[in-house]
**Student:** 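First the structure, which I've put down as structure tokens, then a few questions once you've had a look.
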Amino acid sequence: MSGASRLRLMLRDLGAGAAFASMAVSGQLPAWTLLLFGLALGSALMGWRIFAQRTKATAALLLGVAGVLAFSVYAGSTDLVVASCAFAGLIAGHRLLSTPEPRTDGQVQLAGLLMVAGGAALSGELAFALCLVAFCVLASLSMGLSVVEGAVPPGEPVPVRAVMRPLGLGIFFAVCGAAAFFLLFPRLNWNMAARRSAPGLGATTGLADTVRLGGEGTLKSNPRVVLRAQLTPDPLQERLDAYWLARTYDTFDGQEWTSIGQPKRSRQRVTLRHGGEQSIHQRIELLPAYGATTLVALETPTRLGNALAHSATGSQRTSLTEMGGGEVRFQTPGIAYSYEATSLPPGADTTTPMSEAERGQLLALPDRLDPRVAALAQRVLEGEKEPVAAARKLAAFLQREYSYTLELSGDVEEPLVDFLFVRKAGHCEHFATALTLLLRTQGISARLASGFFGGERVEEGYVVRAGDAHAWTHVLTPGRGFVTVDATPPANRASQSLAVLEFLTGLYEALETRWRSTVVDFSLRDQMQMAQSLVRPPRGPRRDSTRLPPARVWGLAIAAGLVTYSVWQLFSRRLSAPKPHQATHLADAVEHLLGEAGVRMREGEALEEFTSRLTREQPTLAAPLVPLTRRYLEARFGQRPLQPGEAERLLSPLRRVLQTRRAS
């Protein structure tokens with residue numbers, strides 16, 4: 001296989017990889033699909049076409065995989081679009097490992113287009129756009145090289161360098177033109193299926209109905225921003241020391257937490273308790289990385305409402321449903337949400353109406369609870385009965401005697417006993433569970449709360465990251481309601497991701513936000529408003545009485561004119577510059593090859609003079625140089641131009657002679 005063919009196949013395979021990546025960035029493809037395609041792409045790049053001799057057997061295997069995907073769709077375990085995308089990736093992988101021929105190339109490119117279309121259906125984020133551009137460039141280079149390779153007679157070398165430069169320049173202008181067309185041309189909404197967009201890589205899995213102890217706390221190092229909030233009054237702090245409540249749990253069976261509360265009717269506003277004059281108002285955005293439908297608000301929320309669900313097809317108002325454990329959920333699915341909430345300030349009366357069953361559940365203990373748990377609580381409290389004082393005493397004990405860790409591999413039968421008496425290390429869920437159960441063994445009502453802790457100031461608001469996910473304890477106090485007591489060491493409560501990673505993630509999310517606002521969600525109305533804003537006089541008392549366009553339009557027109565004139569001058573100089581004769585490139589190539597071998601031309605020496613001198617001084621160079629020089633003179637002065645690929649054929653004997661000299 002020639003070097004041009006290997007380059008073409010490599011570009012084709014990398015293009016298919018970029019197309020598959022456009023789907024994979026959604027984070028929705030099954031893991032085994034990623035593994036199989038990765039193996040296929042790696043093997044193809046290594047030149048291992050292992051399916052070339054087993055076409056029928058591997059096709060049958062592919063049909064079997066299609067059957068598995070179809071069954072999973074029928075069973076409801078896999079989405080139809082996700083299954084289709086996964087199958088398109090497997091087809092592409094199969095073709096990558098088949099015999100390389102023109103028909104296979106076309107099938108790989110077609111599979112790449114299908115995968116890009118699938119990626120558009122699964123995700124519209126910035127990473128998809130980068131993969132799309134990569135696929136377009138690589139596939140275009142591969143197809144262009146394939147056309148040139150087909151035009152060269154068999155056995156003759158393909159002028160790869162001469163082809164790649166103009167091909168790359170043409171693709172660059174094509175990509176720029178496509179971007180301009182995409183931004184400026186009036187568009188239609190092609191997302192007729194109204195499919196829900198994906199949250200993308202790094203998204204959280206959302207708040208579950210249960211909290212199960214055990215496992216590694218990988219979420220704690222996730223820097224993705226999941227929440228943005230505007231607070232009134234603004235605390236004007238760089239970092240908030242605040243709890244963002246999502247839901248609570250009152251039942252622990254020894255392994256996981258659940259809630260006995262029942263869902264209530266849906267409505268536009270949900271009032272959880274009475275507010276007050278000192279309530280904190282919040283305007284909250286839950287971003288795509290959040291990945292759940294549970295509302296989050298500063299502790300203790302009193303009212304939530306005015307909710308909007310944002311999707312690929314627009315925004316719409318959504319109802320809210322109060323679930324068990326004080327959880328409130330959106331009724332309309334969306335990739336992001338915005339809403340308003342009010343919360344009581346810390347220290348306010350947080351009394352919550354509860355049924356007898358709910359109140360009694362706050363003292364429930366799991367069956368066969370290890371008696372050492374109650375003995376430990378009794379020993380630490382030393383007779384302390386006041387709920388908040390007892391909780392703080394136990395929390396101080398846990399923070400002093402136990403260590404924080406995210407490295408907890410493997411499930412254990414009794415995670416609370418394992419935390420308290422074996423490992424003596426865990427993350428926030430272990431600390432909060434331990435405090436809650438220790439209190440209950442002493443007859444003090446308590447429950448587990450989950451949500452986020454912290455908040456980093458960005459511009460005029462605050463952001464909360466996925467790594468800020470947290471769990472703590474609510475202690476029921478007569479006359480005050482629930483009081484928050486956190487047993488997790490303070491230094492380990494907020495996000496534990498690296499500062500560099502947070503910076504890079506913030507940069508990516510800023511670009512993604514700009515991408516969504518200017519590309520994905522940029523509608524025909526936005527185009528019209530942008531055009532109108534350029535010519536419409538500004539609103540306000542200082543309205544210009546003349547009918548002339550405002551100054552910014554003149555400035556924009558002048559800037560556009562200067563840019564156009566500069567580009568035109570640049571291209572004019574390039575187009576009008578005398579182009580070197582085709583034969584001159586041949587003479588330059590001869591001089592370059594001989595120069596690398598240590599044979600230099602003298603000052604002012606022409607190629608024919610150089611050849612005559614070398615024929616006398618180094619006869620071994622005469623054989624390749626003489627016909628080459630004669631052909632150069634014919635092409636340069638004899639009106640007999642070089643044919644495509646002829647220069648490479650003329651240079652090949654000279655290269656072989658020089659290689660032989662170097663080897664000897």
**Student:** Salt bridge or not for Arg359 and Asp250, using N-O below 4.0 Å?
**Tutor:** no
**Student:** Which pairs count as salt bridge (charged side-chain N to carboxylate O under 4.0 Å, His left out) when at least one residue sits in residues 372-382, sequence neighbours excluded?
**Tutor:**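 Listed by first then second residue: Asp370-Arg372, Glu382-Lys393.
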**Student:** Is the distance between the ring centroids of Tyr290 and Tyr337 less than 6.0 Å?
**Tutor:** no
**Student:** How many angstroms lie between atom CD of Gln442 and atom CG of Leu376, to the nearest 0.5 angstrom?
**Tutor:**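 Separation between the atoms: 9.5 Å.
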**Student:** Indicate whether the side chain of Gln316 and that of Thr332 have a donor and an acceptor atom separated by less than 3.5 Å.
**Tutor:** no
**Student:** Within a strict 4.5 Å, meaning less than it, do heavy atoms of the Pro387 and Thr477 side chains meet?
**Tutor:**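 SC-SC contact between Pro387 and Thr477 confirmed.
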**Student:** Looking only at non-hydrogen atoms, find the nearest pair between Leu29 and Cys85 and report the distance.
**Tutor:** CD2-CB, 4.0 Å
**Student:** Are the aromatic ring centres of Phe452 and Tyr243 under 6.0 angstrom apart?
**Tutor:**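 For Phe452 and Tyr243, the ring centres are not under 6.0 Å apart.
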**Student:** Considering only heavy atoms from C-beta outward, does the side chain of Met23 approach that of Phe128 to under 4.5 Å?
**Tutor:** no
**Student:** Show the numbers, then the answer: is there a side chain to side chain contact (heavy atoms under 4.5 Å, CB included) between Ser445 and Val475?
**Tutor:** CA-CA 6 Å; Ser445 300; Val475 183; over 6 Å; no
**Student:** Would you mind checking if Glu340 and Arg303 are paired as a salt bridge, meaning a charged N to carboxylate O distance below 4.0 Å?
**Tutor:** no
**Student:** Will you find, in the side chains of Gln282 and Thr342, an N or O donor that is under 3.5 Å from an N or O acceptor?
**Tutor:**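 No - no donor-acceptor pair under 3.5 Å links their side chains.
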**Student:** Does any non-hydrogen side-chain atom of Val296 lie less than 4.5 Å from one of Leu227?
**Tutor:**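 Side-chain contact under 4.5 Å: yes.
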**Student:** Which residues pass the side-chain hydrogen bond (donor to acceptor under 3.5 Å, both in side chains) test with Thr293, sequence neighbours left out?
**Tutor:** none
**Student:** Rounded at 0.5 Å granularity, tell me how far CG in Leu308 sits from OG1 in Thr318.
**Tutor:**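 These two atoms lie 9.0 Å from each other.
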**Student:** Among Arg267, Arg329, Arg247, find the residue that satisfies the salt bridge (charged side-chain N to carboxylate O under 4.0 Å, His left out) test when tested with Glu322.
**Tutor:**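 One option only clears the test, and that one is Arg267.
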